[in-house]
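So the structure is just underneath, and the comments pick up after that.
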Amino acid sequence: MSRYDPATLEPKWQKAWDEAGTFLAQRSEDKPKYYVLEMFPYPSGRIHIGHVRNYTMGDVIARYKLSTGHNVLHPMGWDAFGMPAENAAMDNGGHPADWTYQNIDTMRGQMKPLGLSIDWSREFATCDPEYYGQQQALFIDFLKAGLIDRKNATVNWDPVDMTVLANEQVIDGKGWRSGAEVERRELTQWFFKISDFSEELLEALDGLDDWPAKVKLMQANWIGRSRGLEFAFGMVEPTHGHDRVEVYTTRPDTLLGASFIGISPDHPIAKELEAHDPKVAAFCAEARRGGTTEEALEKAEKLGFDTGLKCRHPFDTSWELPIYIANFILMDYGTGAIFGCPAHDQRDLDFARKYGLPVTSTFVPLSGDHTLPEDGGEAFVPPKSDKVRWTLPFNWDEEATGEAAIDAAIAFCESKGVGHGVTKFRLRDWGLSRQRYWGCPIPVVHCETCGVVPEKKENLPVELPKDVSFDIPGNPLDRHPTWRDCACPSCGAPAKRETDTMDTFVDSSWYFARFTAPRAETPTDMAEAEYWMNVDQYIGGIEHAILHLLYSRFFARAMHITGHLPEKSKEPFNALFTQGMVTHAIYQTRDENGRPVYHFPEDVDLRDGKAFLSDGTEAEIIPSAKMSKSKKNVVDPVAIISQYGADTARWFVLSDSPPERDVEWTASGAEAANKHLARVWRLASEIAEATTPAGAEDEALLREMHKTIQDVTNGVESFGFNAAIAKLYAFTNTLAKSRAGAEARKTAAKTLAQLMSPMTPHLAEEIWSLLGGEGLIANAPWPVADEAMLVEDTVTLPIQVNGKRRSEITVAKDLSKEEVEKIALADDAVQKALDGGAPKKVIVVPGRIVNVVV
RNA sequence: GCGGGCGUGAUGGAAUUGGUAGACAUAUCGGACUUAAAAUCCGUGGGCCGUAUGGCCGUGUGGGUUCGAGUCCCACCGCCCGCACCA
């Protein structure tokens, strides 16, 4: 007998699918459609095992939906703009486009052997001018619809390289290449007005029933709706034309605990002072040091500068509060000014202690030991829903929750004419400008007479020039000799092109819509979008829970407003699944200085759970670490496929862990997966030649088969791939041991192949054809469990005594509670526990359990 | 720092969502087949006590709710994801 040989059978079936056009998405009204999409990859150069897992999951769904009678759309493309291509050009020369397209070719070549059911005819890369030209058309439509704005934003400025840095290029507050201290600088930028949709994006989360609750919660917190008070502190002495400081606070109830006013270094008052006072200028320069991330701001040492200016408290004009410039206040938030209440905010308390400012509690706990912050305790910050005792209420009960107090405080302030209650959102507008070459050019022109003018649509795409160099920092578009110069689309006079390009999040915010009509002359084709949208199942990493998904939700709305998507697509992803990573053990030794040295898995021998190098040295095993090239704990899918075949890789990445969690890649696990597939192949080959007559064991096998159909179907439907695979293992064991007749075993083996076909499609096709299945298994209708074969007439119930399992009974399935109780109480173990007495209580959960309390 | 999540045998994990903890798989050990090895097949497989029937303990740690907790609540510890210019 020949053996399981994926190296010949996998290409054979891939060719068969190709020739039959099995996975070309077909629009037809006679079948329901199903659109399954995995987040498309960045073309980094090689696929990694995480891609294999991600795309295999999508493939299982796609193939399952195909066999349940759907027109399936399962496309693939490339998120191809971005910094790595420019960094490669800087480091090694060459052009970002060449680097990117070569990587795409490599990765496509690595992906195709996986046998994914992808409609490759729809493939595109976001750096194709055909794609980004349509993106420019969208930009122009958004601009005309008032969905885009221009204003200032803070960026990381590298004063040595004279360039804007991405957050990831700022390491410990220093530029990654220059090592210079980064400073925060303001620049005029383009913005999508996503904050206009804050309320809607928040409210609509409720309708996303098939999204993970945690993702919806993260988005809700990110959008961050808050109710607060906007009001002004009058200044004791006006300065440079300013006589008041506008603040927004979510805790107006603590207004009587106010201690100081804090303003951003970029606040208009701070800027005035900076221009006139070198000491203020020095402080502001110091305060602007470091990166722009929220994390950096929160973790930085809190610094303040006493301006000497004072404000009056709105409730008591004799009460004067000092105005500090503080480095932790961002101009982008609220009004760029706050009042500090040290008793009820730890950051304000640290600040107050550092600068010797007063601390006044406005409420204390209802009971228990409490050291007041004025006496050296921590800031008291209970949840707003907790009741506390107020020592300084204005118009509410002494015992009230923070929530009630805030509402009462807003009402009180409004009645006194001190400000007004407002609802604000944390969500900021989406700054899309990037001072980089390798992105979609922003299609506008700056004209001296006409101002900012959008490019004419017939001139799209505004293509990136090819003749650029990356030998000096900064954006090559800025210094390109001719590309910048153009004619104003409005008046025809000489003008300058915008040299900023778009954030790569823009590219990925509508690619799912483009897949429905990837060659259309407009961004989308409404008929195609009507048919294929929405994405029925979207699959990707949890790291995209907020930004990518929120931006896509905004884009879908904006595309609807501008007539590029139907109403129903305002929420473009019906269901979302976030999968875990693939991890791998790290093998580590130490050099003479105690520094870690890492070793590739293929250079390590595993014996008795220990790892040894070729020279016999034992290496430490660090399990389940995120794969990283520097730690050398990577496995190359290409090597796995050539060693075991794609089906083994696919089977393994699905088998060991629930899809939403991380899975640990182990050599022994991959080996075992391969052995199992070889066993299934052997089993099917034997069954193909079997001639045993029908017999008494047929029914037991078929019953088990129907149960397996049910379990595997449920598993696939609910993303329980690992559980489905466990059932398939169990059923393979049953089939291997079965003495049923040849016909029953053939039926069982064909069904087994069908149930395995979404995971191991090549092996499944091979078995299907071996056992005389009709056509391709990929097109065969999914097996349906026969309800009659699932019914059991008896059930085994565990008997607990005081919650501990002591015995079990087997009873008729529909036996009454009273009868079950009677049988349970008669059980030896129960009798022994009762010791002649009567039970205190008997709990009978039908079909589940009996618990006797003694 | 803030927001979100995760934690079960030597290992990856299962558990019908509050009802028999450890399915399925890996490592290990034992056996069959073989001159031998590989492959394959059968068995063992949380800890402790016991020849065994069985008993006690056990889901990161500590507490709580419940007839019953891996599952719910509170606190703590550890790890992971995100924090708006990485993709």
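When reading the values below, keep in mind they use all heavy atoms of this one structure, side chains included, and skip hydrogens, waters and symmetry mates. Computed from a prediction, not measured in an experiment: that's the story for all the values here. Order of the sequence lines fixes the chain letters, A, B, ..., with proteins taken first and strands second; residue numbering starts at 1 for each chain.
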Indicate, yes or no, whether a donor-acceptor pair under 3.5 Å links the base of B/C80 to the side chain of A/E543.
no
Between atom OH in A/Y729 and atom P in B/G12, what is the gap in whole Å?
17 Å
I want to verify the glycosidic state of B/U17; is it syn or anti under the 90° rule?
syn
C1' atoms of B/U35 and B/C48, separation to the nearest Å:
44 Å
What's the closest nucleotide to the side chain of A/V853 if the choices are B/C83, B/U17, B/C67?
B/C67
Would you compute the distance between atom CD1 of A/I539 and atom CZ of A/R53 and round it to the nearest 0.5 angstrom?
11.5 Å
By nearest atom, which of the nucleotides B/A84, B/G19, B/C85 is closest to the A/L427 side chain?
B/A84
Compute both the distance and the angle, then confirm whether A/R426 meets the cation-pi test with A/W222: under 6.0 Å from the six-membered ring centre, within 45 degrees of the axis.
yes
Please classify the nucleic acid contact of A/N851 as base, sugar-phosphate, or nothing, using heavy-atom distances under 4.0 Å.
base
Closest approach to the side chain of A/K737, judged atom by atom: which nucleotide of B/U16, B/G4, B/C42 is it?
B/C42
By nearest atom, which of the nucleotides B/U40, B/C83, B/G19 is closest to the A/I849 side chain?
B/G19
Under 4.0 Å, heavy atoms only, any strand: does A/A672 hit a base, just the sugar-phosphate, or nothing?
sugar-phosphate
Between B/G68 and B/G19 - C1' atom distance, rounded Å:
7 Å
What's A/Q710 touching, base or sugar-phosphate or nothing? Going by heavy atoms closer than 4.0 Å.
nothing
If B/C86 has a Watson-Crick or G-U wobble mate with both distances under 3.5 Å, name it; if not, just say none.
none
Within 90° of 0 counts as syn, otherwise anti: where does B/G9 fall?
syn
Using the C1' atoms only, state how far B/G3 lies from B/A84, rounded to an integer number of Å.
13 Å
Which one is paired to B/U71, where only Watson-Crick or G-U wobble pairs with both distances under 3.5 angstrom count?
none
Between A/T293 and B/C83, does any side-chain N or O lie under 4.0 Å from OP1 or OP2?
no
Taking a pair to mean Watson-Crick or G-U wobble geometry with both distances below 3.5 Å, B/A37 pairs with none
What integer number of Å spans the C1' atoms of B/G60 and B/G9?
14 Å
In whole angstrom, give me the gap between the C1' atoms of B/G4 and B/G55.
44 Å
Considering only B/A23, B/G4, B/G68, which nucleotide approaches the side chain of A/L217 most closely?
B/G4
Using Watson-Crick geometry (N1-N3 plus N6-O4 or O6-N4) or G-U wobble (N1-O2, O6-N3), each under 3.5 Å, B/C56 is paired with B/G47
Closest to side chain of A/H544, choosing from B/A25, B/A87, B/A84:
B/A87
Taking the C1' atom in each of B/U8 and B/A23, what is the distance between them to the nearest angstrom?
13 Å
Could you let me know what B/G7 is paired to, Watson-Crick or G-U wobble, both distances under 3.5 Å, or none if it's on its own?
B/C77
Base, sugar-phosphate, or nothing: which does A/P41 touch, judged by heavy atoms less than 4.0 Å apart?
nothing
Below 4.0 angstrom from OP1 or OP2 of B/U16, is there any side-chain N or O of A/K707?
no
On a plain distance test, is the side chain of A/N167 in donor-acceptor contact with the base of B/C85 below 3.5 Å?
no
For a quick check, tell me whether the side chain of A/E295 and the base of B/C2 share a donor-acceptor pair closer than 3.5 Å.
no
